[in-house]
Amino acid sequence: MFSLLRSLWGVFLHAFHKRVTIQYPEEKAVLAPRYRGRIVLSRDPDGGERCVACNLCAVVCPTDCISLQATEDEHGRRFPEWFRINFSRCIFCGFCEEACPTYAIQLTPDFEMGEFYRKNLVYEKEDLMISGPGKYPDYNFWRVAGVAIGGKAKGEAEREAAPTDLHSLLP
Amino acid sequence: MAKIFVENKPYEVDAKQNLLHACLSLGFDLPYFCWHPALGSVGACRQCAVKQFKNEQDITGKLTMACMAPASEGTRISIQDADAAEFRRAVIQGLMLNHPHDCPVCDEGGECHLQDMTVMTGHSHRTYNSPKRTFKNQYLGPFINHEMNRCIQCQRCVRYYREYAGGDDLNAFRLRDTVFFGRAEDGVLENEFSGNLVEVCPTGVFTDATLKHHYTRKWDLQMAPSVCTHCALGCNTTVGERYGSMRRVVNRYNHEVNGYFLCDRGRFGYEFTNSPARLKEPMMRGAVVSKSAALESITVGGRAIGIGSPRASLESNYALRQLVGAERFYAGVSGAEGTAVAAALSILKSGAVPSASLLDVEQADGVLVLGEDVLNVAPLMALRLRQSLRNAPMRAAKKFNIPPWLDHAVREMVQDQQGPLFIASPYATKLDAVATATERAAPDDIARLGFAIANAIDRGAPEVAELSEETRTLAASIAHALLGAERPLVISGASCLSTAVVEAAAQVAWALHRQGRAQTRIAFTMPEANTFGLALLESKTLADALKEDGIDTAIVLENDLFRRAPEHLVREFFEKVPHVVVLDCLPTLTTAAAEFVLPAGTAAETSGTLVNSEGRAQRFLRAFVPSGSVQESWRWIRDIAVAGGRTDCAWQTLDQIIAAMAQDCPALREVPEAAPARDEAGKIAREPDRYSGRTSMLANITVHEPKPPQDVDSALAFSMESGFRPAPAPLIPFFWAPGWNSIQATNKYQTEVGGPLRGGDPGTRLVAASVQAAEYFREIPAAFRPAAGEWLVCPAFHIFGSEELSRHAPGIAELTPKPYIALNPVDAEVLGLHAGDAVQVTLDGVTGVVPAILRADLPRGVACLPAGLPPFEGCALPSPGKLALAKPEFSVRGTP
Ligand code: SF4
Ligand code: SF4
Ligand code: SF4
Ligand code: SF4
Ligand code: FES
């Protein structure tokens, strides 16, 4: 009997607490940058496309809603020829972001993606690309990778020695 | 057998093997790099360390390299021992010091042996922060991509390329941690088996350059067990598809056929499947029509004939034969080819010497090649033949107690000794370099040499009249060497289109057999993937069909008749036949001349059976459903039949047509055994567990995720869901095991490493040798005498170019030779010709102009044209021809 009354009292007191419910959509919630909402593809600090079409996000995706095709430019830089996320399947688990070795794919605090037609939830690369580096301002995969691309020859990556001179007779 | 103890538990293993081999065969996960089942052990990488104990009391033990220690009786080892595990982890850590941060952009990623081994050893954190050594890459041609930073110096590539495949333009350069594996300078890798580097190299240094153009991870490929259609050996392949196009071919291990390797034509020829020229829709008089419109307009009455094809499946050929009736069905090969193939087939059936599997070729220890350019006609046979040359010298190694797997010791011992190999061919071949003796002669002389050898082996075989003393001596020495072999092998085939050569080869083999060499084998190379299958079905050839009159409809199955008979004969034939229906995958001169063209699927898109040159029926299964109206030829033929009201050709599934075929054709009775029927095998996924993008790849077209196509033809499903039973060997769509993502997972599918697949190697032999020895052949041709003003024009085979379909792959096209005619410099002088001069060649009623090249290896009176290349692809070579210096205004077919 006593515990019943105590509970009722406790509920009653809540009427005077600070409200956490906000009047959405008039009022917007403040979401942390790590919130898992709409997915974007970011660019590296030099403005280049970050995604290297490694397919890791696609393979880790539990709903298999990411697909892409890799291609390369004439200097060997790999990037997705096309990149598609079917948001009508995505469960915003963030595994893709965790798997991505280049910080290209990122989840953002935007969750307002409601659509009347499912097909409008299919985002292509041009819908996903943003113009900046997103949450990770500094990282540039190509600066640490061993593959040469336009503007970065062999031996010019971070912590790389100059290419071995095969004709040298020195030991 | 020997009993060894692993973690104190006893196991029975093969005592003739090393501990690594034993551990892997027992199913243990023990990391390794430099060892390869086909290459043996060298102990270079130190990755396979285990703890070895002296006896039960010994608890200290010592680290030892499993690949370098024999699995002898009573050996006690521990794989899990903490010291051994730490040692292996440290070795990987060392290898990783210089390894680039490349996995995301590395084509090996997801099927990388280095990744697998790194995970297996538990090295997960990198502490090294100093600069990494780097290399510049080389251009290695259209097939192989080079990314040298990723090398871990395991030496497998050079060991495979130089010692196994016999190449000499790939090598190790420099020293210490800067050893470089590549060519002396940029350039196309010269060896015809360079593609195997992709699988041999455990890292992403050598990767498939054709895959790079449409890169797909292994986990994203929809795969199926297939059979290479680019020559008659029938190497087993795994083909992979993604987004409706074919992405690549890798080796599918078959102990008795291709083992661990493929040739470059087989590996990289697949791109013809993706050719933009592919026929996708039915056509009527050059215009695309609907399937039903096409089928309604085709009528097959009593005056229709069918022309089959040696590159189409047994099922498609059989379907056509049923549609038109057996007596109106013709094998679509030239008359001369039909005769030579029939001779070979009857020899295999009536003689007591069985045909050789490629495994038999590798195990031979004395080889005679009669009239064949093995490397260019049956490439993989040449690779396995090369290994056989070590067998005779290796017997000596046995005496010194050197186990065959101890590769460097064996090679030190063998040095450059080679087992006996004799090659008689119209022109010098690449294998000549390792031959004991060679003879270049016209086909008739090659046959005479063969008959002389047979006579020298067994005096009961007929003697050859008017034999020169030289030939007699050569024959005697070859006979002596073959008699000294335990497993002699005679290789011949249809390349000379000469029954005499084929019979001479049989004569040698039979003579050896009569002399008590029971292990004698005979191998006939054949021109195309299903030449033998077609020959088992039908013996009438195209030559017979062209002579027929009163035909109203000719149905041509996957065949370009302009490659089978001279152009004018084919044109005359098409003029007298009012309706021509052609089924094919790519446009040809034949499809251009046809009234109806129906789009046929390629091997990767269809399922069926092929009979290889050994007489082995092998099933290939489709990897994907092709776009457009493309389907199996037998389904088109069934549709034609059904549209015409026939009920006897209404097969719905592959198993139905195979059953009908096995019932109708006694020679094909065993075909159903080639692979389990659909209902026997449960459900097998074509896609790996981690196949990605299922709910997204078609989302741009529809978000409703269409049901995947159903395969009524096989147990394989277009899905990633498998039943519980392991796939039977002929139905294994790809090799994968937990922790083993690379092709090295093959280990997990074999009864023992390097042995047969579990449940037996795929395929079933249709041709068995007879128990009774056949009579010797008595007809021996006269010696070849060049007629004045006439040359015997022989075919010169090219691995890249001579085969019809692979030529449509851009990489192969790049390496295809330009047309030429080769002749002896002395002959050229008689004609007043110089290298490069345009020569007007007339043969078989066809005239063309090609530049001359001079080859001193050609016998006088013999000239060579590249086989299967225009403008003479329709002429049955060898054939007598006339050569003359071309008048400048003359030119090649069609162009003014
Ligand atoms: S994981 Fe990152 S880099 Fe790789 S494909 Fe996905 S977005 Fe691109
Ligand atoms: S070779 Fe293997 S470990 Fe090295 S970058 Fe390529 S995938 Fe990664
Ligand atoms: S290139 Fe590959 S096979 Fe050759 S040594 Fe390096 S890692 Fe080994
Ligand atoms: S040897 Fe013949 S069957 Fe084997 S891969 Fe090469 S072309 Fe294909
Ligand atoms: S595999 Fe044993 S040392 Fe390399």
Side-chain angles (χ1 to χ4, degrees), chain A residues 51-61 63-72 76-78 81-82 84-90 100-102 117-124 141-142 144-149 153-169 171, chain B residues 98-107 109-110 128-138 145 147-150 173-180 182 184-185 204 212-217 219-220 242-243 245 688-705 720:
Chain A
C51 173
V52 297
C54 70
N55 277 290
L56 287 175
C57 51
V59 71
V60 79
C61 176
T63 63
D64 285 343
C65 73
I66 304 180
S67 62
L68 63 146
Q69 174 59 52
T71 188
E72 258 171 34
R77 183 176 173 131
R78 190 164 284 198
E81 184 183 340
W82 53 267
R84 183 179 308 131
I85 302 182
N86 179 357
F87 280 113
S88 75
R89 280 292 186 193
C90 178
C100 182
T102 67
Y117 297 103
R118 265 183 76 191
K119 69 172 174 12
N120 294 345
L121 285 164
V122 178
Y123 282 38
E124 298 290 339
F141 169 78
W142 293 107
V144 291
V147 170
I149 54 164
K154 287 279 166 188
E156 290 178 8
E158 282 168 22
R159 288 197 230 114
E160 264 191 1
T164 307
D165 176 7
L166 298 181
H167 299 286
S168 157
L169 293 176
Chain B
N98 279 318
H99 204 72
H101 187 67
D102 271 1
C103 293
V105 287
C106 177
D107 286 1
Y128 176 79
N129 279 329
S130 304
K132 298 173 184 176
R133 60 110 172 81
T134 61
F135 294 103
K136 290 208 172 95
N137 301 327
Q138 287 179 328
N145 190 65
E147 186 61 50
M148 193 40 218
N149 283 355
R150 299 171 188 154
F173 299 92
R174 276 198 61 87
L175 68 176
R176 303 184 274 111
D177 62 338
T178 57
V179 188
F180 178 88
E185 54 183 13
K212 211 178 179 63
H213 296 145
H214 37 231
Y215 184 67
T216 308
R217 298 260 181 235
W219 68 61
D220 276 344
R242 179 84 178 167
Y243 305 137
S245 80
D689 294 351
R690 304 196 188 95
Y691 191 76
S692 79
R694 189 174 43 85
T695 63
S696 160
M697 55 173 118
L698 295 174
N700 56 333
I701 303 162
T702 165
V703 285
H704 299 297
E705 285 146 38
M720 44 216 224

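Every chain is numbered from 1, with letters handed out A, B, ... down the list of sequences. In this text, all values refer to a predicted model and were calculated from it rather than measured experimentally.
- Looking at B:Leu698, the atoms closer than 4.5 Å to chain A (heavy atoms on both sides) all sit in the backbone: N, CA, C or O.
- At a 4.5 Å heavy-atom cutoff, the contact between B:Arg176 and chain A is made by side-chain atoms alone.
- You'll find the side chain of A:Arg89 reaches within 4.5 Å of the side chain of B:Glu705, heavy atoms only.
- For B:Phe173, no part lies under 4.5 angstrom from a heavy atom of chain A.
- Side-chain contact between B:Val105 and A:Trp142 is present, with at least one heavy-atom pair separated by less than 4.5 Å.
- In this structure, chain B has no heavy atom under 4.5 Å from any part of A:Leu121.
- Ranked by heavy-atom pairs shorter than 4.5 Å toward chain B, the options A:Arg118, A:Glu81, A:His167 are led by A:Arg118.
- The contact between A:Cys65 and chain B is made by backbone and side chain atoms together, counting heavy-atom distances below 4.5 Å.
- The side-chain heavy atoms of A:Asn86 and B:Arg694, taken from C-beta on, include no pair separated by under 4.5 Å.
- Remark: side-chain polar atoms of A:Gln69 are paired, donor with acceptor, to backbone N or O of B:Tyr215 under 3.5 angstrom.
- One N or O on the side chain of A:Arg84 and one on the backbone of B:Met697 form a donor-acceptor pair closer than 3.5 Å.
- In this structure, the portion of A:Glu72 lying under 4.5 Å from any heavy atom of chain B is its side chain and not its backbone.
- Neither the backbone nor the side chain of B:Asn98 comes within less than 4.5 Å of any heavy atom in chain A.
- Interface remark: B:Thr702 contributes no atoms to any contact with chain A (heavy atom separation under 4.5 Å).
- Contacts of B:Tyr691 with chain A are made by backbone atoms alone, with heavy-atom separations under 4.5 Å and no side-chain atom involved.
- Contact check for A:Leu166 versus B:Lys136: no side-chain heavy atoms found under the 4.5 Å cut-off.
- Expressed to the nearest 0.5 Å, how far CG of B:Asn700 lies from CD of A:Glu124 amounts to 5.5 Å.
- Although no hydrogens or angles enter the test, the distance criterion places no donor-acceptor pair under 3.5 Å between the side chain of B:Arg217 and the main chain of A:Leu56.
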